[in-house]
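Since the structure comes first, as structure tokens, the remarks are kept for the end.
The structure displayed is predicted, hence computed values, not measured ones.
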Amino acid sequence: ELEEFRAAAQRPLCRFPLFYSEPQHRYNYSPHLAILRNVGEVLQVRACARLALGQSAEALADIELILRFAEALRQEPFVQSHRMRHELTGFAIQPVWEGLASKRWTAEQLTILQKRFEQFAPLADYKRVVRAETVFQMDAWDRLRSVISGDRSHSHGYDRRRRILKPFYPVGRTYYHEMDVFRFYQEKLAPVIDADEQRVFLEKNHELEKALAATDAFTDNLNMRWTFNGFALETARLQTALDQARLACALERYRLAQSE
């Protein structure tokens, strides 16, 4: 029920029940994301319908609930979660534009929307998220090293069938890959976005894409290519959409003030 989601959203410190010390929550960490997408789509359509019916207050409530879902994902240290956060924020922005086009919003409602959009800073979140993914990838090599060396106390449920690698894969090479993962973050991932200057460097993003296609630093290179490919540009597009929505709300408030 949507009202159950609304009631839960009133709890400012609530989070999804993910426990990162457990392997299944490190790598199978997305059971809630599909649910949030489905609910977000329903709320987006209902907000647009309510605007068409002149129910701007109810539409605003639906938009704020979508944004609350998006904000709840901010603390999760995974690119996949932040991709869903971007998608949910886009769901919220669409009815705002429709309300602006049909002049449905009041000045007070526009102020609320403008302040809510100001709370989102995807460019500032980018470095933290890719750094967290880097740490998890370094941990994957650490756990693989534990499996190969036969140290059950640090394998954390990792697929022990990989111990077959022990005769063929030198333990020392896992340290090399761990270092390689962090170097990849420092030299390729982090420099793409400068949050302080609000800049995205396309040339560095092209270098990142080429490096992702060639790297063997990760335990699952194919999955990491999917994880990081395009994430910086998605982040930049969302920041642009938020800035445009904030500016549009401010201009509409000015128009309303001048027409009174």
Side-chain angles (χ1 to χ4, degrees), residues 12 15-16 18 20 29-30 33 36-37 40 44 63-97 100 110-138 181-212 215 218 223-251:
R15 61 183 291 274
F16 296 101
L18 302 179
Y20 304 121
Y29 41 75
S30 58
L33 299 185
L36 290 179
R37 176 191 283 114
Q44 179 195 46
I63 292 170
E64 288 195 286
L65 183 54
I66 299 173
L67 292 174
R68 180 67 184 90
F69 290 159
E71 184 59 26
L73 294 174
R74 182 177 184 273
Q75 59 190 308
E76 295 187 11
F78 303 116
V79 169
Q80 186 173 353
S81 297
H82 281 258
R83 277 197 155 111
M84 178 52 60
R85 186 171 182 248
H86 295 177
E87 194 170 345
L88 288 168
T89 307
F91 289 163
I93 290 174
Q94 178 60 34
V96 172
W97 282 113
L100 287 167
L110 290 165
T111 300
I112 292 171
L113 288 168
Q114 191 173 345
K115 288 181 178 179
R116 291 291 285 122
F117 290 144
E118 287 172 355
Q119 294 171 2
F120 286 77
L123 292 186
D125 291 331
Y126 170 83
K127 191 171 182 178
R128 175 178 60 84
V129 177
V130 296
R131 183 173 62 241
E133 284 281 5
T134 298
V135 170
F136 275 105
Q137 287 303 308
M138 293 172 68
V181 168
F182 189 73
R183 184 183 292 123
F184 192 91
Y185 160 75
Q186 282 188 312
E187 297 178 359
K188 301 301 181 183
L189 285 167
V192 175
I193 289 180
D194 185 338
D196 293 334
E197 297 293 331
Q198 293 285 288
R199 293 189 64 188
V200 179
F201 300 97
L202 290 179
E203 183 176 341
K204 291 181 179 180
N205 186 69
H206 292 323
E207 292 176 5
L208 169 61
E209 291 175 350
K210 291 178 181 178
L212 281 170
T215 187
F218 305 103
N223 184 55
M224 285 301 99
R225 286 173 195 139
W226 178 88
T227 297
F228 291 125
N229 246 334
F231 180 60
L233 294 186
E234 290 173 22
T235 302
R237 280 192 289 267
L238 178 63
Q239 185 68 67
T240 301
L242 286 165
D243 291 344
Q244 289 175 338
R246 286 166 44 207
L247 178 59
C249 288
L251 290 172

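Put simply, CG on L113 and NZ on K115 are 11.5 Å apart, with the number rounded to the nearest 0.5 Å. How far CZ of F136 is from OG1 of T227: 12.5 Å, rounded to the nearest 0.5 Å. To the nearest 0.5 Å, atom CG of residue L189 and atom CE of residue M224 are 10.0 Å apart. We find the CD-NE2 distance between Q75 and H82 to be 9.0 Å, quoted to the nearest 0.5 Å. Here the CG-CZ distance, from N223 to F228, works out to 9.5 Å after rounding to the nearest 0.5 Å. One finds the OG1 atom of T89 at 12.0 Å from the CD1 atom of I63 (value rounded to the nearest 0.5 Å).
At most 12 non-hydrogen atoms from other residues, nucleotides or ligands lie less than 6.0 angstrom from CZ of R199.
With contacts defined as side-chain heavy-atom distances shorter than 4.5 Å, the pair Y185/V135 does not qualify. Between R246 and D243, some side-chain heavy-atom pair lies under the 4.5 Å cut-off. R37 has its side chain out of reach of L33: every pair of non-hydrogen atoms, C-beta onward, lies at least 4.5 Å apart. H86 is listed as a side-chain neighbour of T235, based on a closest heavy-atom distance under 4.5 Å. Within the 4.5 Å cutoff, the side chain of L100 has heavy atoms near those of the L110 side chain. Taking the side chain as every heavy atom from C-beta outward, F184 and T134 never approach each other to under 4.5 Å. Contact annotation: the side chain of Q239 approaches that of Q198 to within less than 4.5 Å [non-hydrogen atoms, C-beta and beyond].
What you find for G230 and R83 is that their closest heavy atoms are C-NH2, 3.9 Å. The shortest non-hydrogen separation linking I93 to A245 is CG2-CB, 4.4 Å. Contact between G40 and L88 at its shortest, heavy atoms only, is CA-CD2, 4.1 Å. Considering all non-hydrogen atoms of both residues, E76 and S81 come closest at OE1-OG, 2.5 Å. Of all heavy-atom pairs spanning K127 and A190, the tightest one is CE-CB, 4.1 Å. The heavy-atom pair separating A232 from N205 by the smallest distance is CB-OD1, 3.8 Å.
Using a 30° and 60° split on the angle between ring planes, Y126 and F231 fall in the parallel class, below 30°.
Looking at R85 and E71, a side-chain N of the basic residue comes within less than 4.0 Å of a carboxylate O on the acidic one, giving a salt bridge.
With hydrogens and angles disregarded, a donor-acceptor distance shorter than 3.5 Å links the side chain of E133 to the backbone of V79. Proximity of a side-chain donor or acceptor of R225 to a complementary backbone N or O of T215 within less than 3.5 Å is detected.
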Does Q119 form a side-chain hydrogen bond (donor to acceptor under 3.5 Å, both in side chains) with R116? I'd like the steps, not just the answer. CA-CA 5 Å; Q119 294 171 2; R116 291 291 285 122; 2.4 Å; yes
Could you walk me through whether L202 and L233 pass the side-chain contact (heavy atoms from CB on, under 4.5 Å) test, one step at a time? CA-CA 8 Å; L202 290 179; L233 294 186; 3.6 Å; yes
Going through the distances and angles, do L36 and L73 end up as a side-chain contact (heavy atoms from CB on, under 4.5 Å)? CA-CA 10 Å; L36 290 179; L73 294 174; 3.9 Å; yes
Show the numbers, then the answer: is there a side-chain contact (heavy atoms from CB on, under 4.5 Å) between I112 and E64? CA-CA 9 Å; I112 292 171; E64 288 195 286; 3.6 Å; yes
Passes side-chain contact (heavy atoms from CB on, under 4.5 Å), D125 versus F120? Steps please. CA-CA 9 Å; D125 291 331; F120 286 77; over 6 Å; no
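Centroid-to-centroid, the aromatic rings of F91 and F69 stay 6.0 Å apart or farther.
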